[in-house]
Chemist: 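Can you keep this structure in mind? I'll have questions shortly.
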Amino acid sequence: MRSRYSAYVKHAFDHLGRTLSTEQRKDYSTEDARRWSEKSEWLGLTILRTEKGGPADSEGLVEFAARFRSEGEEHEHLETALFTREAGNWVYAGQLPQRGATVRRETPKIGRNDPCPCGSGKKYKKCCGSAA
């Protein structure tokens, strides 16, 4: 985690790309990373906790706070980052949702009196929504 933070500070975008998992690399944009890194003044990294990530582990997590200033305002980025090993190297594999974070529903909520989405023809409350 420290090396990735340092890469943002030093604008080492190749390192950022190399330290992403194969899956994360699919969405990586060097240009987006460059824009964010160069418009920010990096103020510090605090490691809040770690789990696993030792020499014998194949995965680990790092909860951290990265402070930065952008457009004259100070910000703090909080994240619980997941790391895995690929070809023996630690790579960033994504993040866990923040505790207490708002979860957005992708589909409309099904009402109790709405038709059941399973297609039974019954009301949701009498079918899949029953507490039976």
Chemist: One pair to check against side chain to side chain contact (heavy atoms under 4.5 Å, CB included): F13 and E31. What are the steps and the verdict?
Modeler: CA-CA 9 Å; F13 307 109; E31 201 47 49; over 6 Å; no
Chemist: Walk me through whether R4 and V91 qualify under side chain to side chain contact (heavy atoms under 4.5 Å, CB included).
Modeler: CA-CA 10 Å; R4 289 185 53 77; V91 292; over 6 Å; no
Chemist: Ignoring hydrogens and angles, write down the donor-acceptor pairs under 3.5 Å from the side chains of residues 109-119, residues two or more places apart or on other chains.
Modeler:
from: N113; atom 1: OD1; to: K125; atom 2: NZ; distance (Å): 2.9
from: D114; atom 1: OD2; to: G111; atom 2: N; distance (Å): 2.7

Chemist: Can you name the residues that form a side chain to side chain contact (heavy atoms under 4.5 Å, CB included) with H15, not counting sequence neighbours?
Modeler: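 If we apply the side chain to side chain contact (heavy atoms under 4.5 Å, CB included) test to H15, skipping adjacent residues, the hits are S3, A7, A12, R18, T19.
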Chemist: List the residues meeting salt bridge (Lys or Arg N to Asp or Glu O under 4.0 Å) with K122, not counting sequence neighbours, and say none if there are none.
Modeler: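 Not a single residue meets the salt bridge (Lys or Arg N to Asp or Glu O under 4.0 Å) criterion with K122.
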Chemist: How about E38: does its CD atom have over 12 heavy atoms from other parts shown lying under 6.0 Å from it?
Modeler: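 Yes, because the 6.0 Å sphere around CD of E38 holds more than 12 heavy atoms from other groups.
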Chemist: Where the side chain of R34 meets the backbone of H11, is there a donor-acceptor pair that is under 3.5 Å apart?
Modeler: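 It does not hold such a pair.
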Chemist: Flag the pair E23 and K26 as a salt bridge only when some basic side-chain nitrogen lies within less than 4.0 angstrom of an acidic carboxylate oxygen.
Modeler: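 Yes.
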Chemist: With the side chain counted from C-beta on, respond yes when E74 and F68 share a heavy-atom pair under 4.5 Å apart, and no when they do not.
Modeler: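 The answer is no; the side chains never approach within 4.5 Å.
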Chemist: Counting only pairs under 3.5 Å, give me each side-chain donor-acceptor contact of residues 40-49, with atom names and distances, residues two or more places apart or in other chains.
Modeler:
from: S40; atom 1: OG; to: W36; atom 2: O; distance (Å): 2.8
from: E41; atom 1: OE1; to: R69; atom 2: NH1; distance (Å): 2.7
from: E41; atom 1: OE2; to: R69; atom 2: NH1; distance (Å): 3.3
from: W42; atom 1: NE1; to: S37; atom 2: O; distance (Å): 3.2
from: R49; atom 1: NE; to: E63; atom 2: OE1; distance (Å): 2.5
from: R49; atom 1: NH1; to: E51; atom 2: OE2; distance (Å): 2.3

Chemist: Using 0.5 Å steps for rounding, measure from the OG1 atom of T30 to the CG atom of D14.
Modeler: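 Going from OG1 on T30 over to CG on D14, the span is 7.0 Å.
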Chemist: Any side-chain heavy atom of M1 sitting closer than 4.5 Å to one from F83?
Modeler: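 With C-beta onward as the side chain, the pair touches.
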Chemist: Begin with the C-alpha distance, continue with both residues' side-chain angles, and end with the deciding distance and a verdict on salt bridge (charged side-chain N to carboxylate O under 4.0 Å, His left out) for E76 and R67.
Modeler: CA-CA 4 Å; E76 184 176 57; R67 294 181 315 104; 5.5 Å; no
Chemist: What's the shortest heavy-atom distance between G53 and D57, and which atoms?
Modeler: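 Here G53 and D57 meet closest at N-OD2, 3.1 Å.
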Chemist: Keeping to residues at least two apart or across chains, list the side-chain hydrogen bond (donor to acceptor under 3.5 Å, both in side chains) pairs with something in residues 85-94.
Modeler: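 Qualifying pairs, neighbours excluded: T22-E86, E79-Y92.
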Chemist: Who else is in L61's hydrophobic cluster (ILVMFWY, side-chain heavy atoms under 4.5 Å, direct or via others)?
Modeler: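 Besides L61, the cluster holds L82, L96.
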